[in-house]
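Below you'll find the structure, written out as structure tokens, and then a few comments.
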Amino acid sequence: MCVSFGHQGQLVGTLNLPDRQDPALAPALAFVLLNAGVIPRMGPHRFNVKLARHLAGQGIPSLRFDLSGRGDSPAQAGAEPGASPTRAVADLQAAMDHLCATTGIRHFVIAGICSGAFAGFAAARHDPRIMGLWMLDGHVYPTWRGKLARVSRQLRADLPGTLRNWARRPWQGHKPQTPQAGPAMGVLAMQARQGGFEPTRTQFAQAMQALVDRGVQVYMMFSADVLWRYSYQGQFRDTFAGHGFVSKVVCEHMPHIDHTLTTLQAQQDVMQRIGQWANTLLARQAEHAQVAPILTPATSTGKAWPTARPLHAPRHVAPARPQG
Amino acid sequence: MISFRFGTSGQQLFGVFHPAQGGAVRMGVLLCNPFGQEAVRIHRFYRVLAERLAANGMPTLRFDYFGTGESDGDDLDGHIERWTQDVLRADEALRKRLPCEQVAWLGARLGGTLALHAAQKAPKPPTRLLLWEPITDGQAYLQSLASAHQLATHDPFFPRRATATAAVPAPPHMAMEALGFALSTTLVQQLTRLIPAQAPSLAAQAITVIAPLASPGSPGTQMHQPAQLSQLPHAQVAPLDWTSEEAINTALVPSQALNQIARHLEDEVAA
């Protein structure tokens, strides 16, 4: 379903609603899927579309949309060019407002890759409606052990080339000359362009602790393409050893996948992991609902969702009483 | 800009219509996507082009084929014959929104191939057809996709990645995967039958082939063009890295290509 929302209806998105299995209750949560860099809302290799349908198969609605200036959403008038953390957070909140208004759902999981992960993390810090975060190649903080792991891989992959590179630039470190280094370095370049999204290690730790204390469920993945900064399983634990949130955040090093999930196997693997994690979130929400109901019961009509209306022109969506 | 879905339930296509901004409308424009990752790559370019054309009085429709982008369907649902019909449906959807009869089609890469096929079957063929590096040699194109996929997925630091892919059984009816998209056996068979010696008859009044500047010819395109296309007027633009992820190390919307293509259409209207 095509949707538009936000200021003057400028933000363009696609709402995926599952076939209603139980018309009595709306789902406990919905996913919001973000742009990865400049890739439109369909996601890299259409991953967001595939993930949305996978989640719908589990009864979980989702909204994927284009942030201002990305995909089909125009840039805000007078906005600075390039990524804006403040703008992204505002857009995300508009997305959640829209979902709440049209479905009655009040709890959201933000799923993002790279800049999408940054935006989700920033929004979660400001919006208590966000109860889950999935981040692929989000904020990452190298460790000495990680650097050793990376150097070891470089030497094993290309000993002569690596040594030659070190001899030429001993003060810059260890960049191999293999052509396959291109994608990894490109990811780092993209992340560097985000500028303004990157909290310091201390700021990140404080923010993450606050999220965990609030009950936000965090699931982080790091691909092979951020090898230069995330190099081994356990790096997150080592980086933030001593912080209470470490044991409560799921963090996986996944060297068999790349930054944009280029293989179908990587897409399938990640979708299944997210789906399983989403089920645990639903279970948690169900437990909480027994204590404090959060769901909006259906009306006697039994209709679960608002009628899909064709989108003819951008317009402001007024808050509506949930149907069904 | 108006997003909408058209077609029958469960098989709907997604489209974005850019209405003309003021002035008399003399021609509408339909933008036909390339395949797979190339469609992701060209998305921003098409949007900027559509906005420019609409600002110059040419309503423009860009859309996703079945099984691609924001349209219904999965990777394995798409193939040439189906997508050719999608071009015709999109043309119909565009014409419903036009006060004129003149329509131009721009097809990039496989989109150019589909536009050629669709033009033969169209009740009202386009009056202008721009073919941007159309695919005319399917075998060469498949090989280029396979090479690009191998380059994108091989990593000397993590050789397990390539083997991990091979260890997972492929879904039924899948012949290959390329840069994040599955190709059905039907699609591969149809591409295999695309050979330069055969080309559909040219059913548009004016056709221009847009080729890359100073390039020996990327596989499946210029070097292997059928004679009919080789003899057509050509325009040249700087080569585009069709499969680049997020246009790393290159312009997302190359201005030279944008200006060249837009001028071809704007000159048509001005004539």
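Chain naming here is simple, since letters A, B, ... match the order of the sequence lines and numbering starts at 1 in each.
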> Is it the side chain or the backbone of R41(A) that comes within 4.5 Å of chain B heavy atoms, both, or neither?
Replying inline: both
> Which salt bridge (charged side-chain N to carboxylate O under 4.0 Å, His left out) pairs, counting each pair once, include a residue from residues 266-276 of chain A, with sequence neighbours left out?
Replying inline: E252(A)-R273(A), D269(A)-R273(A)
> So which of Q268(A), R53(A), R64(A) has the biggest tally of heavy-atom pairs under 4.5 Å with chain B?
Replying inline: R53(A)
> Which distance, rounded to the nearest 0.5 Å, do you find between the CZ of R41(B) and the CD1 of I39(A)?
Replying inline: 11.0 Å
> Looking at OG of S4(A) and CD1 of I2(B), how far apart are the two atoms once the value is rounded to the nearest 0.5 Å?
Replying inline: 10.5 Å
> Just how far is it from atom CD of E177(B) to atom OG1 of T262(A), taken to the nearest 0.5 Å?
Replying inline: 9.5 Å
> Taking all non-hydrogen atoms of both residues, which atom of L179(B) and which atom of H45(A) are closest, and how far apart?
Replying inline: O-ND1, 2.9 Å
>> Restricting to non-hydrogen atoms, name the atom on K50(A) and the atom on G180(B) that form the minimum distance, rounded to 0.1 Å.
In response: NZ-O, 3.2 Å
> Which of residues 46-59 of chain B get closer than 4.5 angstrom to chain A, counting heavy atoms alone?
Replying inline: R47(B)
>> Does any backbone or side-chain atom of S73(A) lie under 4.5 Å from a heavy atom of chain B? Answer side chain, backbone, both or neither.
In response: backbone
>> So if I take each residue of residues 66-77 of chain B and look for any heavy atom under 4.5 Å from a heavy atom in chain A, which residues do I end up with?
In response: G67(B), T68(B), G69(B), E70(B), S71(B), D72(B), G73(B), D74(B), D75(B)
>> Restricting to non-hydrogen atoms, name the atom on A182(B) and the atom on L264(A) that form the minimum distance, rounded to 0.1 Å.
In response: CB-CD1, 3.6 Å
> Going by heavy atoms in the side chains, are V40(B) and R46(A) under 4.5 Å from each other?
Replying inline: no
Distance-only criterion, 3.5 Å: show the donor-acceptor pairs between side-chain atoms of residues 12-22 of chain B and protein atoms not counting sequence neighbours.
residue: Q12(B); atom: NE2; partner: G7(B); partner atom: O; Å: 3.3
residue: H18(B); atom: NE2; partner: R62(B); partner atom: NE; Å: 3.0
residue: H18(B); atom: NE2; partner: R62(B); partner atom: NH2; Å: 3.4

> Quick check: are there more than 12 heavy atoms from other residues, nucleotides or ligands sitting under 6.0 Å from CD of Q150(B)?
Replying inline: no
